[in-house]
2 protein chains.
Amino acid sequence: MATILDIARLSGVSKSTVSRVINNHPHVSEDSRTKVMEAIEKLSFVRNARGVHLRTQSTKTIGVTIPDLDHPYFSPLVGMIASKCRNVGYKIVVFQTFYSIEEEYEIYEKLTENELDALIITHTLLSEQEIKQRVRNNVVLICNEPLQTRHLDVFSLDERDAVYSSTQYLLKEGRNHLLMCMDEEITPLQQQRWEGFKQAHLDLNKICTIQQKVSGYATIEEGLLLGDEIFSGQCNYDGILAGSDFLAAGLLSSAKKHGVSVPKELSIIGFDNHSICLTTFPALSSIKNQTELMVKDLVSCLLDRLDGKEFATVRKVYKGALVIRGT
Amino acid sequence: MATILDIARLSGVSKSTVSRVINNHPHVSEDSRTKVMEAIEKLSFVRNARGVHLRTQSTKTIGVTIPDLDHPYFSPLVGMIASKCRNVGYKIVVFQTFYSIEEEYEIYEKLTENELDALIITHTLLSEQEIKQRVRNNVVLICNEPLQTRHLDVFSLDERDAVYSSTQYLLKEGRNHLLMCMDEEITPLQQQRWEGFKQAHLDLNKICTIQQKVSGYATIEEGLLLGDEIFSGQCNYDGILAGSDFLAAGLLSSAKKHGVSVPKELSIIGFDNHSICLTTFPALSSIKNQTELMVKDLVSCLLDRLDGKEFATVRKVYKGALVIRGT
DNA sequence: TTGAAAGCGCTAACAC
DNA sequence: GTGTTAGCGCTTTCAA
């Protein structure tokens, strides 16, 4: 592997000049430039990023945590982040946490070891204090998780409001016994949803019946299982708020299997407005979020932080909207 | 940020000894070790990975190319690769190609710049020669794409056989006018499927009618669009082989909308056996692959290559199986 | 416009 | 068991 020293020797200039040519610096004579370019061509030289990283104290790499790459909401979210970052010269390293605190710890360590210029957290089981303590003074942004923070920038969706208005919609439509599906892990996000659910009942003077817990993945399979549980006996619910469209699709499929008529006897609302909503029968109603806008703002803030700009902690919240379809 | 030199000074030993302690080398006295550990604690020292990378000539990072992170097949595939690699001490950097050759070129450049120890390609629009030429002598493995290769290791699914047997199944069931949905880009994978489709017709002395092209994403939306096109006029098909379950789900949904009865008038078979198959009505039949096994073998081969072991180019092919459900 | 020299943080061969 | 030393490949001041 040729280094800039080899190029320097072959072209009869110094390492510095070679470096200048590579980095398109001005004030290099046309003559030197040509000689260097020729040498580069001849030895098929490619710059070694490892040297650059050490010298410049940056790897142009951003880490992103994601619970699981096999996830219909987080996966596209990270994809969006990755393309936006790429457009401004940064690569993305994806770290799956598998909903485990230990995995999270390891990721934060990578950050402090300077492999990453910054970290974006899309899902966490920790509090701000715990995160802050582990990531030290590195650049860290929170995306999608409505964490209460004082030192970290947060971009999140208004989960409380989204659930609040969807719940009100169901209640006003005459549904009375609503079920809300939550994860086992009580994250701030889950809590907000639950608050919205309760408040909507309160404001309409309705009795808020039951919450149902399912495990943390919100998959189709879990929807099918949960559905078997709910619909096999006497089903007391006439409305369900599912934590994700995939969970909702599983529930819907199970309801049909058990002879529960949707939307006549039961209404189901999903979350995220994934296109799977269009393939179920009837088509799934769902809550749609401004994910794209959120990511755009996030990346713009990230760049400012990386530039070392000083400004108060950012907290942005984006409103969701209920998309009414057949369920 | 404290460096090992700071630790060395504070604890009264040399840089080497500090390094030995950090890396758990034997032959360090208990006394030195304690002193170093104390200093590390006191200055809250963390090793700087950039220095390690330059020195060790490795970043412990593997790149993976994926067409789009928002993809129900590739996303879980990469997730699987990531966890397996993580278990053996490697991180994964995900690069989205968005089905663009230019993006691919850029990724290969990253590899030659030594930011990556190796690259796994899950989807490509290039031939082996073009890839080989760009990646030079770096470690590169192909996963999922049945490329004809002489120098690169390939792990792929037997697309030809999977389509062949599914087509035969449909024909033997009495379907006569089959449609196969292919991508616009004619990749080796697409070609193999097409061959299987033709051969199945040939072997049963049936006439192979038409192929239909759709663009390269295989999404629900495209299924809906394609469905509108096919089913709005006179539909001549009584069987469809879709390139993915999501495309199939879209087609199914559209068929229902246009009053085409499935499976009575029309049969639909998807690809990948995604759980979405369980949420459509009727449940989607689909072709299931041995993805897990493929990834396991791939990573094991990858490790051998990274160890510098010399052996002939590996080519492994995994059989698929038709899962028959309601369509 | 160019080159010399310093140094980013770390590891490892070698000598003791 | 430990320290000295060289060097991985690059960028960037500084002086010429």
Side-chain angles (χ1 to χ4, degrees), chain A residues 1-37 39-40 43-61 89 109-117 136 138, chain B residues 1-37 39-40 43-61 89 109-117 136 138:
Chain A
M1 276 286 164
T3 70
I4 52 167
L5 189 58
D6 299 320
I7 304 299
R9 289 205 189 107
L10 181 61
S11 51
V13 300
S14 73
K15 282 200 305 177
S16 324
T17 303
V18 176
S19 173
R20 290 190 187 102
V21 172
I22 293 172
N23 295 290
N24 286 315
H25 281 209
H27 312 310
V28 180
S29 74
E30 210 39 61
D31 184 43
S32 300
R33 188 178 304 273
T34 336
K35 281 190 295 186
V36 169
M37 295 301 271
I40 286 179
L43 302 185
S44 32
F45 162 86
V46 210
R47 163 171 140 292
N48 187 325
R50 294 190 283 245
V52 182
H53 291 169
L54 179 56
R55 178 62 225 229
T56 59
Q57 302 286 36
S58 151
T59 53
K60 288 286 179 185
T61 303
E109 199 171 316
K110 289 270 179 303
L111 179 64
T112 54
E113 285 189 351
N114 290 317
E115 291 203 39
L116 273 24
D117 288 357
R136 318 244 181 125
N138 290 285
Chain B
M1 277 288 165
T3 71
I4 51 166
L5 190 57
D6 299 319
I7 303 299
R9 287 204 190 109
L10 182 60
S11 51
V13 300
S14 72
K15 282 201 303 177
S16 326
T17 302
V18 177
S19 172
R20 289 188 188 106
V21 172
I22 294 171
N23 295 290
N24 285 316
H25 281 210
H27 311 311
V28 181
S29 74
E30 208 42 57
D31 185 43
S32 300
R33 187 177 303 275
T34 335
K35 281 191 295 186
V36 169
M37 295 302 271
I40 287 181
L43 302 185
S44 31
F45 163 85
V46 211
R47 167 170 138 290
N48 188 324
R50 295 189 282 246
V52 182
H53 291 169
L54 177 56
R55 177 63 225 225
T56 60
Q57 302 287 35
S58 150
T59 54
K60 288 286 179 184
T61 303
E109 200 171 315
K110 289 271 177 303
L111 180 64
T112 54
E113 285 190 349
N114 290 317
E115 293 204 36
L116 273 24
D117 287 357
R136 318 244 182 123
N138 290 286

Atom pair [atom1]/[atom2] of [X] and [Y] - distance to nearest 0.5 Å:
X: A:T61; Y: A:L111; atom1: OG1; atom2: CG; result: 11.5 Å
X: B:H25; Y: B:S19; atom1: NE2; atom2: OG; result: 6.0 Å
X: B:I4; Y: B:S14; atom1: CD1; atom2: OG; result: 9.0 Å
X: B:I40; Y: B:I22; atom1: CD1; atom2: CD1; result: 5.0 Å

For this session: Keeping to residues at least two apart or across chains, list the salt bridge (Lys or Arg N to Asp or Glu O under 4.0 Å) pairs with something in residues 1-17 of chain B.
Result: B:D6-B:R9
Exercise. Distance-only, no hydrogens or angles: does the B:T59 side chain make a donor-acceptor pair with backbone N or O of B:H53 under 3.5 Å?
Worked result: no
Seminar exercise, completed: One would report the end-axis bend of the helix from C:dT1-D:dA16 to C:dC16-D:dG1, five pairs per end and rounded to 10 degrees, as 30°
Exercise. Are A:H27 and A:R20 close enough that some pair of their side-chain heavy atoms sits under 4.5 Å apart?
Worked result: no
Exercise. More than 12 foreign heavy atoms under 6.0 Å from CE of A:M1: is that the case here?
Worked result: yes
For this session: Could you list the residues that satisfy side-chain contact (heavy atoms from CB on, under 4.5 Å) with B:D31, not counting sequence neighbours?
Result: B:S29, B:K35
For this session: Provide the start and end nucleotides, 5' to 3', of the part of DNA chain D that has atoms under 4.0 Å from heavy atoms of chain B.
Result: D:dG1 to D:dG9
Exercise. Once each nucleotide of nucleotides 9-16 of chain C is scored for protein heavy atoms under 4.0 Å, what B/S/- sequence comes out, 5' to 3'?
Worked result: BBBBB---
Throw together a table of side-chain donor-acceptor distances under 3.5 angstrom for residues 43-51 of chain B, partners on residues two or more places apart or in other chains.
unit_1 : atom_1 : unit_2 : atom_2 : d
B:R47  : NH1    : A:E113 : OE1    : 3.4
B:R47  : NH1    : A:E113 : OE2    : 2.9
B:N48  : OD1    : B:R50  : N      : 2.8
B:R50  : NH1    : A:Q57  : O      : 3.3
B:R50  : NH1    : A:N114 : O      : 3.3
B:R50  : NH2    : A:Q57  : OE1    : 3.1

